[in-house]
Amino acid sequence: MASVVNSNNISGLIQRTLNHVDPRLVDHGKRVAYLVSRMLDIDGTFTEKEKQDICFLALLHDVGAYKTEEINEMAKFETQDIWEHSIYGYLFLYHFSPLKDWAQAILYHHVSAISLKGVEEKIATVSQIINIADRVDMFWLYQPDEGALDSYLMRNRGRRFREEIVELFLETQRHDPILENLNKEYAPKSILPQVNLSSQECEDYLKMMIYAIDFRSQHTVTHTITTTSISTNTARIIGMSDDQVQRIYYGALLHDLGKIGIPVEILEFPGKLSPQAMKIMRSHVSITEDILGGTIAPDITKIAVRHHEKLDGSGYPRGLTEKELSMEEQVVAIADIVSALLGTRSYKEAYSKDKTLSILQEQAETGKINREIVSILEEHFDEILAEVATNCSPILHTYYGLQQEYEGLLEKHRGVY
């Protein structure tokens, strides 16, 4: 089975995923990527592959804010609090994206030109291009006046922005009505007209979006990889075909993509959610369907969005029954339950093996989940969980290492602008 993501659909998938974070952040990212793409065209010193990577970098330049919840602060034109989202964004893109070689530019994308001494030249240049595009977009949002913008750029020429970067922007402006175009909607194809990614890069971008969701909370760091591992191992033991296992793999991998649109305060709420908050939490399923619909194969999309359905019709969002749910969908639904029970949450500790199996057996006996799958899990529980531990170990190692790197870089750079 071929990968479900490719050069034709990955950029659209990323954009639709980000659209559910915060419109201010996502629209800003698209506009910055547009400005950067036009500046790179005029600059002419970067290869097509480099331009493509830098435009993706610009689109994702504020990815660190998804973790640090700095969106309100970043929506201001002038802010001195630049480091938290810049550091996290850099670390995230370095460790979890195909943009490792360029990620350091995100670390410095709010840093003044005079503070870039010692930074590798190509990184300094890209950070400055993203910096000026970022500031121009925010300036134009608050004061769409070309004369005022030119005055701002002249005041900061040679200080915040290198002289040649200011000149590059002005030259771009002379060739293209870029300021007028900032008010337009941008599809990924208009920013990246000829996206050409390898299958591995597409997979890496897909996983990057999964980690962007799971890493928002310390309690969900390994939830997706655990659900995916339990699902695929259970499917193999049952005797499903390789094609079925692959569909289950992608369905499980994508099942919580919509949680990127759920506020952290709800994801982390330490107790029972109110009916209103529960409604918001449950909306992650419809958000997932909105992101995947029309891009990912319908059968894989169904596996992803039906993980909260029950055989007796008591699940959500559609209240489907056993005859409407495929075996693949039922496997992922049970794996999701196991992953949630075995994981910590803000309101509970991890459940033991015995308690987890007891809850599964009770749900099977009351007709909510598949008895056969529960029996398989019970018989092979230790074997399946050993594989889960193996799969989760590198992710946890990276996550906790990333936290240490974050603290170290924050201590080193705070106060530098």
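Source: prediction; values computed, not measured.
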query = Do NZ/NE/NH1/NH2 and the carboxylate oxygens of E349 and K355 come within less than 4.0 Å?
reply = no

note = Contacts of D176 meeting side-chain contact (heavy atoms from CB on, under 4.5 Å) (sequence neighbours excluded), chain-then-number -> Y34, R38, I178, N181

request  = Can you see which heavy atom on M39 is nearest to which on I165, and at what distance?
outcome  = CE-O, 4.2 Å

D43 side chain to T45 side chain, donor-acceptor N/O pair below 3.5 angstrom = yes

request  = Before accepting this row, confirm whether a basic side-chain N of the pair K51/D41 lies closer than 4.0 Å to the acidic partner's carboxylate O.
outcome  = yes

ask   = Mind checking what makes side-chain contact (heavy atoms from CB on, under 4.5 Å) contact with E171, not counting sequence neighbours?
value = I42, E167, R174, H175

request  = Please assess E387 against R236 for the test salt bridge (charged side-chain N to carboxylate O under 4.0 Å, His left out), listing each intermediate value before the final yes or no.
outcome  = CA-CA 13 Å; E387 182 70 18; R236 289 191 187 99; over 6 Å; no

ask   = Is it true that K30 and D27 make a salt bridge, defined as a side-chain N closer than 4.0 Å to a carboxylate O?
value = yes

ask   = So, do H109 and S86 sit near enough that their side-chain heavy atoms are less than 4.5 Å apart?
value = yes

inquiry  = Taking side-chain contact (heavy atoms from CB on, under 4.5 Å) as the definition, give me every residue that meets it alongside E121, ordered by chain and number, with sequence neighbours left out.
reply    = T125, R162

query = Do E201 and K49 meet the salt-bridge criterion of a basic N to acidic O distance under 4.0 Å?
reply = yes

key: Heavy-atom side-chain contact between H110 and H85 under 4.5 Å   = yes

message = In the structure I gave you, are the side-chain heavy atoms of T288 and T301 within less than 4.5 Å of one another anywhere?
response = no

key: Y205 vs F56, ring-ring contact (aromatic ring centres under 6.0 Å, His included): CA-CA, chis, key distance, verdict   = CA-CA 10 Å; Y205 274 119; F56 265 119; 4.8 Å; yes

message = Check whether W83 forms a cation-pi arrangement with K412 (NZ or CZ under 6.0 Å from the six-membered ring centre, at most 45° off the ring normal).
response = no

